[in-house]
Amino acid sequence: MDASTRPTILLLPGLTGTSKESYILHMIHLSEELGYRCVVFNNRGMAGENLLTPRTYCCANTEDLETVIHHVHSLYPSAPFLAAGVSMGGMLLLNYLGKIGPKTPLKAAATFSVGWNIFACSESLEKPLNWLLFNYYLTTCLQSSVNKHRHMFVKLIDMDHVMKAKSIREFDKRFTSVMFGYQTNDDYYTDASPYHRLKSVGIPVLCLNSVDDVFSPSHAIPIETAKQNPNVALVLTSYGGHIGFLEGIWPRQSTYMNRVFKQFVQAMIEHGHELSNM
């Protein structure tokens, strides 16, 4: 395949994820089977990289993603360009698409296990069992990710206070919302929730969620908003959890999420032009 026109897929991992996550590696493998080029967006300070400035990342701020998209597109301007985001990566991608509308180099996008309303996500994750199974562990992961660069933040943020957080909401209140200049954590959560930008998405987007995902409770999934935007296809499964979607009695190899990803990117590259004629 000609390198200049070889389709390019940009992949966005989850909250503390990197290019080494198994779900990202599966998508890379499936893309390679189709002959496509993959680029993985690692958030600043992740995947072993040192921070050069006292700034991290959040799903409300799309500046880094915009820079990456335009850089990759400038390298291969004639290549079909798609993106797929998982969990927080999908939230970031949707916020970008909602802000920019149709004026993006991306031809299409897919998201998986997105948290649509962060207030609802936080309430779900703060239920006792969910806090024990997921919330506390993810909080420690977030603390570890910023503590590696502690020397960059000590003049800006009370890092001792951050390291005492017991939930993602407390971490965001003490670190993320402060880092990005929000007056309150509620202001940050409102700005970061992609549900209110879905109506402005201007390219074909497929969104896969499971209604039993504790990270994204079903009552907060914007079904009616998705129906009103012809660019958006919202796929809901009864089961699948968060980035799970395992199939069979003894789940092995490809998952439902992987199959949807492969079929969607292939369909958009081979038949995407037909959508404009519908």
Side-chain angles (χ1 to χ4, degrees), residues 10-21 23-24 39-72 83 85-100 111 113-115 117-119 121-122 125 134-194 197 215 242-243:
L10 176 65
L11 303 177
L12 288 74
L15 183 61
T16 57
T18 70
S19 49
K20 299 177 182 178
E21 305 303 322
Y23 56 84
I24 293 293
V39 179
V40 181
F41 174 81
N42 281 327
N43 285 296
R44 58 173 72 199
M46 301 300 291
E49 295 297 320
N50 292 321
L51 284 179
L52 302 180
T53 58
R55 174 171 162 170
T56 54
Y57 61 91
C58 74
C59 56
N61 188 288
T62 60
E63 293 174 5
D64 287 351
L65 177 57
E66 290 174 33
T67 299
V68 168
I69 287 174
H70 286 292
H71 174 67
V72 174
V86 180
S87 191
M88 196 212 81
M91 296 165 70
L92 177 64
L93 181 57
L94 286 169
N95 281 329
Y96 159 76
L97 293 173
K99 289 178 183 179
I100 205 150
T111 68
S113 297
V114 157
N117 183 324
I118 301 185
F119 293 100
C121 298
S122 295
L125 288 172
F134 308 111
N135 199 328
Y136 183 70
Y137 171 72
L138 281 174
T139 303
T140 60
C141 290
L142 287 167
Q143 290 168 324
S144 176
S145 69
V146 298
N147 201 41
K148 294 175 184 175
H149 314 284
R150 188 186 184 106
H151 63 285
M152 300 292 287
F153 309 126
V154 288
K155 294 182 179 179
L156 304 172
I157 295 174
D158 184 348
M159 290 302 294
D160 289 335
H161 193 44
V162 171
M163 297 307 293
K164 293 177 182 177
K166 301 298 182 185
S167 68
I168 296 173
R169 191 196 299 261
E170 286 185 357
F171 176 88
D172 286 335
K173 183 177 181 179
R174 300 174 187 185
F175 185 88
T176 314
S177 60
V178 178
M179 168 66 60
F180 287 92
Y182 291 94
Q183 290 189 341
T184 67
N185 196 55
D186 284 358
D187 290 338
Y188 164 53
Y189 277 9
T190 299
D191 194 30
S193 299
R197 291 198 178 95
F215 287 78
H242 189 68
I243 324 177

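Heavy-atom basis, side chains included; hydrogens, waters and symmetry copies ignored.
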J.: If only atom types and distance count, is the side chain of S193 paired as donor or acceptor with the main-chain N or O of I118 below 3.5 Å?
T.: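 Side chain of S193 to backbone of I118, a donor-acceptor pair under 3.5 Å: yes, one is there.
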J.: Donor-acceptor pair, distance only, cut-off 3.5 Å: does the side chain of T111 make one with the backbone of G85?
T.: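 Between the backbone of G85 and the side chain of T111 there is no qualifying donor-acceptor contact (under 3.5 Å).
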J.: Show the numbers, then the answer: is there a salt bridge (charged side-chain N to carboxylate O under 4.0 Å, His left out) between D160 and R150?
T.: CA-CA 10 Å; D160 289 335; R150 188 186 184 106; 2.4 Å; yes
J.: Ignoring hydrogens and angles, tell me if any N or O in the side chain of S145 forms a donor-acceptor pair with the backbone of L142 under 3.5 Å.
T.: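 Pair found, side chain donor or acceptor close to backbone of L142.
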J.: Do M159 and V146 have side chains that get closer than 4.5 Å, going by heavy atoms?
T.: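 Yes. Closest side-chain heavy atoms under 4.5 Å.
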J.: Check this for me: K99, atom NZ, are more than 12 non-hydrogen atoms of other residues, nucleotides or ligands nearer than 6.0 Å?
T.: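 Count over threshold, so yes.
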J.: Provide the closest heavy-atom pair for M46 versus T16 in the form atom of the first, atom of the second, distance.
T.: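 Minimum heavy-atom contact is CE-O, 3.3 Å.
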J.: Got a sec: does the OH of Y136 have more than 12 other heavy atoms crowding it under 6.0 Å?
T.: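 Not buried by this count: 12 neighbours or fewer within 6.0 Å.
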J.: Regarding Y57 and D64, do their side chains bring together a donor and an acceptor under 3.5 Å, going by distance alone?
T.: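 Side chains of Y57 and D64: no pair found under 3.5 Å.
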J.: Apply side-chain contact (heavy atoms from CB on, under 4.5 Å) to residues Q143 and T140 and explain how you reach the verdict.
T.: CA-CA 5 Å; Q143 290 168 324; T140 60; 4.1 Å; yes
J.: Any side-chain heavy atom of N43 sitting closer than 4.5 Å to one from M88?
T.: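 Heavy-atom side-chain distance check passes, below 4.5 Å.
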J.: With no hydrogens and no angle check, is any side-chain donor or acceptor of R55 less than 3.5 Å from a backbone partner on F180?
T.: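 Side chain of R55 to backbone of F180: no pair is present.
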J.: Would a distance-only check, ignoring hydrogens and angles, find a side-chain to backbone donor-acceptor pair under 3.5 Å from E66 to Y96?
T.: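 Between the backbone of Y96 and the side chain of E66 there is no qualifying donor-acceptor contact (under 3.5 Å).
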J.: How many angstroms lie between CG in D191 and SG in C59, if you round to the nearest 0.5 Å?
T.: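 Output value for this atom pair is 9.0 Å.
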J.: Closer than 3.5 angstrom, by distance alone: can the side chain of N135 be matched with the main-chain N or O of L125 as a donor-acceptor pair?
T.: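 Judged by distance alone, yes, a pair lies under 3.5 Å.
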J.: Once ring pair (Phe, Tyr, Trp, His ring centres under 6.0 Å) is applied, do any residues pair with Y137, and if so which ones, sequence neighbours excluded?
T.: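 Not a single residue meets the ring pair (Phe, Tyr, Trp, His ring centres under 6.0 Å) criterion with Y137.
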J.: Please check if the side chain of T190 supplies one atom and the backbone of D186 the other of a donor-acceptor pair under 3.5 Å.
T.: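 Flag set: sc T190 to bb D186 pair under 3.5 Å.
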J.: Looking only at heavy atoms, what is the nearest atom pair of G89 and L12, with distance?
T.: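 That closest heavy-atom pairing would be O-CD2, 3.3 Å.
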J.: As an exercise, state the distance from OG1 of T56 to CE of M152, rounded to the nearest 0.5 Å.
T.: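 CE of M152 is found 11.0 Å from OG1 of T56.
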J.: Side chains of T53 and R44, heavy atoms from C-beta outward: is any pair under 4.5 Å?
T.: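 Yes; the side chains approach each other to less than 4.5 Å.
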J.: How would you list all residue pairs meeting ring-ring contact (aromatic ring centres under 6.0 Å, His included) that involve residues 156-177, not counting sequence neighbours?
T.: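 Applying ring-ring contact (aromatic ring centres under 6.0 Å, His included) to every pair that reaches into residues 156-177, excluding sequence neighbours, yields F153-F175, F171-F175.
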J.: Just how far is it from atom SG of C58 to atom CE of M91, taken to the nearest 0.5 Å?
T.: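 That separation rounds to 10.0 Å.
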J.: Between H149 and N50, what is the shortest heavy-atom contact and its length?
T.: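 So the two residues come closest at CE1-CA, 4.0 Å.
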J.: Parallel, tilted or perpendicular: which one describes the rings of Y188 and Y182, with boundaries at 30° and 60°?
T.: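 Rings of Y188 and Y182: tilted, as their planes differ by 30° to 60°.
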J.: Roughly how far, to the nearest 0.5 Å, is CG of L51 from NZ of K148?
T.: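 Those atoms lie 10.5 Å apart.
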J.: Should L10 and L65 count as side-chain neighbours, where that means a heavy-atom distance under 4.5 Å?
T.: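 The answer is yes, as the side chains (C-beta and beyond) meet within the 4.5 Å cut-off.
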J.: Nearest 0.5 Å, what's the CD1-OG distance between I243 and S113?
T.: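 Output value for this atom pair is 5.5 Å.
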J.: Using every non-hydrogen atom in the two residues, find where N42 and P13 come nearest and quote the distance to one decimal.
T.: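 Between these two residues, the closest heavy atoms are OD1-CG, 4.4 Å.
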J.: Looking at every non-hydrogen atom in both residues, tell me the closest pair between I168 and T139 and how far apart they are.
T.: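 Looks like N-OG1, 3.0 Å.
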J.: Regarding T62 and N95, is there a side-chain donor-to-acceptor distance under 3.5 Å anywhere?
T.: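 The answer is no; no qualifying pair exists.
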J.: Does the side chain of Y189 reach to within under 4.5 Å of the side chain of N117, using non-hydrogen atoms?
T.: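 They are not in side-chain contact.
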J.: For S87 and H242, which heavy atoms make the closest approach, and how far apart are they?
T.: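 Taking every non-hydrogen atom into account, OG-NE2, 3.0 Å.
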